[in-house]
Amino acid sequence: MALVISPTIVIDQQMQQLMAAWGTKFVHLGNVEPESLAAVIRREKPHILLSSIERLQDKRVLSALLTVKLSYVSVEEAQVNSCHQPKSL
């Protein structure tokens, strides 16, 4: 199973359309309540998990992802901003 992180809504929508057109089983993390995410992944057995970077900031989503085996993670040109202030030297 792969986790694909998209930076924009447009790319996210394109990925969903491609997965549907190719007949590839996927779960979009934004369409599932965090509390039921692990159960949905186990039930659906998707090949790909799609997510925005913002969705991955939810600790409940991260906890659910820790329960599944990911073969790889693809970050589609997402910009990553630090959530913490750097310590002064």
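Only heavy atoms go into these numbers, but all of them, side chains included; no hydrogens, no water, no symmetry mates.
In this structure, Phe26 and Ala20 approach most closely via the heavy-atom pair CE2-N, 4.1 Å. The minimum heavy-atom distance between Ala38 and Ala64, with the atom names listed, is N-CB, 3.9 Å. Across every non-hydrogen atom of Asp58 and Pro34, the tightest pair is OD2-CG, 3.7 Å.
A distance of 9.0 Å separates CE of Met15 from OG1 of Thr24, quoted to the nearest 0.5 Å. Note: Ser51 OG to Asn31 CG = 10.5 Å, rounded to the nearest 0.5 Å. Once rounded to the nearest 0.5 Å, the distance linking CD1 of Ile48 with CD of Gln16 reads 11.5 Å.
Considering Val4, Val73, Leu65, Leu37 as possible partners of Leu49, the one that fulfils the side-chain contact (heavy atoms from CB on, under 4.5 Å) test is Leu65.
Remark: side-chain polar atoms of Ser52 are paired, donor with acceptor, to backbone N or O of Arg55 under 3.5 angstrom.
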For Ile41 and Val32, what are the C-alpha separation, side-chain angles and deciding distance, and is it a side chain to side chain contact (heavy atoms under 4.5 Å, CB included)? CA-CA 10 Å; Ile41 292 170; Val32 180; over 6 Å; no
